[in-house]
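In what follows, a structure is listed as structure tokens, so that the remarks can point back to it.
Just so we're clear, the structure is a prediction, and the values are computed from it rather than from any experiment. Indexing begins at 1, ligand by ligand and atom by atom, following the structure's order.
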Amino acid sequence: MKSIVILISGRGSNLQALLEAQLPCQIAAVISNSADAEGLNIAKARGIATAVVEHRGYADRDSFDAALAKIIDTYHPDIVALAGFMRILTPAFVARYRGKLVNIHPSLLPAYGGLNTHARALRDGVKIHGCTVHFVTPDLDHGPIIIQAAVPVLYHDTEQTLAARVLHEEHRVYPQAIRWLCRDQIELSEDGRVISHNRKQAGFTLISPGLE
Ligand code: GRF
């Protein structure tokens, strides 16, 4: 059975979704860059090993990433999943886990990489927004896409209501992406494309606002 290490920085709702999904892999550890991350308590309550590597304790990104990798490697994971992990990772770190390192991002990439995705989508007046699970590459929030979920942006949406609608979908697609990885149903090719052995296609079109 494959094993997975999950990296978090905060709330941990995606972590919780992964834990509840009964994935066909062993969740070896949850690691945070902040001792205050609420998600650590979610992991502890389930008896999962936790560790903290405080980024503030390191002089630069290289030394933090080296310390992080050292702890991750004690678990020999097949998959490293970023679940609300709010640190930018160095190219060396990303290269070390090529094909194993995945992230969930709250937008339909390549639109709205970075922070404040929901506010930016509202400001632009887009009618469809969503979330993306992707392999991590050195190019922030631009790695090869594994799965996306789209939601409508509604007339009276606030940042909070839109975020909640997107988060609901994050909790559905992230476990699916990890399940595919666990079962070797997707992989990252040498030339950086996602090869999928899963032939299921989307069943409908989302048109927003709806047609009359
Ligand atoms: C999620 O919206 C995720 O997409 C983003 O950070 C947020 C983390 O939320 N990368 P949580 O800690 O999983 O609740």
- Short list, please: which atoms of ligand 1 are under 4.0 Å from a heavy atom of E170?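 Listed by number with element, the hits are 1 (C), 2 (O), 3 (C), 4 (O).
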- Numbered atoms and elements of ligand 1 in range of R11, under 4.0 angstrom, heavy atoms: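 In order of number, 9 (O), 11 (P), 12 (O), 14 (O).
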- Item | L19 and Q16, any side-chain heavy atoms less than 4.5 Å apart | no
- Task: Look at atom 12 (O) of ligand 1 and find which of A37, G84, G12, C131 reaches it with the closest heavy atom.
- Result: G12
- Query: Polar-atom distance check: N103 versus ligand 1, any N or O pair below 3.5 Å?
  - Reply: no
- Item | I104-ligand 1 polar pair, N/O distance under 3.5 Å | yes
- Nearest 0.5 Å, what's the CD1-CZ distance between I178 and R183? 12.5 Å
- Decide whether L82 and L188 are clustered together by the hydrophobic rule: side chain heavy atoms of Ile, Leu, Val, Met, Phe, Trp, Tyr closer than 4.5 Å, transitively. no
- Message: Hydrophobic clusters here meaning ILVMFWY residues chained together by side-chain heavy-atom distances under 4.5 Å, can you tell me if I27 and I79 are in one?
- Response: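 Both belong to a single hydrophobic cluster.
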- Give the ring-plane orientation class for H129 versus Y112, where under 30° counts as parallel, over 60° as perpendicular and anything between as tilted. perpendicular
- Item | Nearest-neighbour protein heavy atom for atom 11 (P) of ligand 1, which is reported as residue plus atom name and distance | S13 N, 3.4 Å
- Item | Closest contact, heavy atoms only, H134 versus I145 | CB-CA, 4.0 Å
- Take every heavy atom of I8, measure it against each atom of ligand 1, and state whether any distance is under 4.0 Å. no
